[in-house]
Number of protein chains: 2
Amino acid sequence: MINSGVLRDHGLRVTGPRIAVLDAVARLPHSDTLGLIAEVRGSLPSVSVQAVYDVLRTLTDVGLVRRIEPAGHPARYERRVGDNHHHVVCRACGVLEDVDCALGSAPCLEPSTTNGFTIETAEVTYWGLCPTCQALPARPADDVGQP
Amino acid sequence: MINSGVLRDHGLRVTGPRIAVLDAVARLPHSDTLGLIAEVRGSLPSVSVQAVYDVLRTLTDVGLVRRIEPAGHPARYERRVGDNHHHVVCRACGVLEDVDCALGSAPCLEPSTTNGFTIETAEVTYWGLCPTCQALPARPADDVGQP
DNA sequence: ATGCTTTCTGGAATCGTTCAAGTAACGCTC
DNA sequence: GAGCGTTACTTGAACGATTCCAGAAAGCAT
């Protein structure tokens with residue numbers, strides 16, 4: 001398994017669920033926990049829901065995956081970590097895609113006032129309409145997420 | 001009531017709960033729904049939880065208040081709308097403050113690739129430590145929100 | 001192999017929020 | 001300024017995503 005070493009390098013025990021989840025996140029970027037559970041069960045049919053939640057938390061904690069939590073949507077995960085990229089979320093259907101940073105390297109933004117805060121990360125989320133939803137007639141009632 | 005006109009101007013009926021909630025959001029910026037319920041009940045002891053949720057949704061929909069949903073935290077509200085400002089969130093205690101836009105006016109950021117998306121808003125959230133939590137000894141177990 | 005520790009399973013519980021049905025009240029018209 | 005239709009509120013239950021808990025299973029250092 002190509003991921004065993006990665007897990008060990010981060011001080012984690014190598015277990016079936018961890019390898020499978022890490023693999024699933026790599027294969028299905030930006031999918032939510034339920035989607036990942038389905039994917040993981042393709043190779044490991046007996047994993048419990050809680051195992052996947054737990055593994056995702058652990059992997060996020062050690063920095064092996066990145067958690068994305070767009071307002072009004074369940075958390076999504078991706079393997080692209082360490083670089084400085086952001087996300088676009090479709091206001092209508094919730095689809096999410098990567099957007100490379102508009103301005104140099106991480107952290108790409110310096111706030112004009114920090115109010116005494118120590119800034120560690122700047123998270124940028126763009127909201128708009130994906131190509132598919134632009135083509136669709138407006139259906140206000142079906143809007144989802146951030147207004 | 002100073003807010004009656006504002007409500008009517010946005011095509012909303014003027015009701016006690018609406019005036020009280022709008023007032024509470026102005027008085028207590030960045031507080032969550034539960035905090036606002038408590039505040040509203042100061043002047044209107046009998047409002048129901050759901051009334052406040054409903055009013056907040058309505059006010060957000062018409063653009064009278066802005067909803068902020070930092071990852072891992074309940075939604076917060078503020079009356080500052082229309083201008084282009086962002087937020088800093090304390091990773092340790094969850095405190096949230098305004099940050100004026102680092103770069104010009106709204107939308108302050110143009111992503112380098114839009115992947116065919118129509119971008120409507122750019123939302124920037126800074127994560128770090130507030131002055132108080134910087135002074136405190138590190139307590140990893142109590143960390144909250146985005147890692 | 002042995003044993004200690006971490007992680008998994010299964011089930012229940014939690015939080016913030018929304019839904020549903022009935023009652024109340026806003027505000028337009030007469 | 002009373003009546004009426006529509007919209008908002010109340011009460012109570014339900015929901016989805018996630019976490020907590022206790023016990024069983026499995027990793028890995030010895």
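Owing to the predicted nature of the structure, the values given are computational and were not obtained by experimental measurement. Lettering of chains follows the sequences in order, A, B, ..., and the numbering in each one begins at 1.
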How long is the line joining [atom1] of [X] and [atom2] of [N], in whole Å?
X: A/L7; N: C/dT6; atom1: CG; atom2: P; value: 17 Å
X: B/E69; N: D/dT18; atom1: CD; atom2: C1'; value: 16 Å
X: B/L59; N: D/dT7; atom1: CG; atom2: C1'; value: 15 Å
X: B/R18; N: D/dA8; atom1: CZ; atom2: C1'; value: 6 Å
X: A/I68; N: D/dA17; atom1: CD1; atom2: C1'; value: 17 Å
X: A/D54; N: C/dT9; atom1: CG; atom2: P; value: 10 Å
X: B/I19; N: D/dC9; atom1: CD1; atom2: C1'; value: 15 Å

Handout entry: Cluster check B/L56, B/L28: I/L/V/M/F/W/Y, side chain < 4.5 angstrom
Key =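 No.
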
Problem - Shared hydrophobic cluster, A/V21 / A/V49 (ILVMFWY, side-chain heavy atoms < 4.5 Å) - result: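 Linked within one cluster.
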
Does a side-chain N or O of [X] approach OP1 or OP2 of [N] to a distance below 4.0 Å, or not?
X: A/T15; N: C/dC8; answer: yes
X: A/R57; N: D/dT18; answer: no
X: A/R13; N: C/dT5; answer: no

Test your reading of the model: is there a side-chain donor-acceptor pair from [X] to the backbone of [Y], 3.5 Å cut-off?
X: B/H73; Y: B/E69; answer: no
X: A/Q134; Y: B/G116; answer: yes
X: B/N115; Y: A/D98; answer: yes
X: B/R41; Y: B/S46; answer: no

Problem - Any residue of residues 37-53 of chain B with a heavy atom less than 4.0 Å from an atom of DNA chain C - result: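 B/Q50, B/Y53, in order of number.
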
Handout entry: For DNA chain C, the residues among residues 24-36 of chain A that have a non-hydrogen atom under 4.0 Å from it
Key =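 When residues 24-36 of chain A is checked for heavy atoms under 4.0 Å from DNA chain C, there are no hits whatsoever.
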
Could you tell me if the side chain of [Y] sits less than 4.5 Å from the side chain of [X], heavy atoms only?
X: A/I119; Y: B/W127; answer: no
X: A/I68; Y: A/Y77; answer: no
X: A/L12; Y: A/L59; answer: yes

Problem - First of B/V14 and B/A75 reached from the 5' end of DNA chain C, by closest nucleotide - result: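 It is B/A75 whose nearest nucleotide is closer to the 5' end.
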
Handout entry: Residue met sooner reading DNA chain C from 5', once B/R8 and A/T58 are mapped to nucleotides
Key =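 That would be A/T58.
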
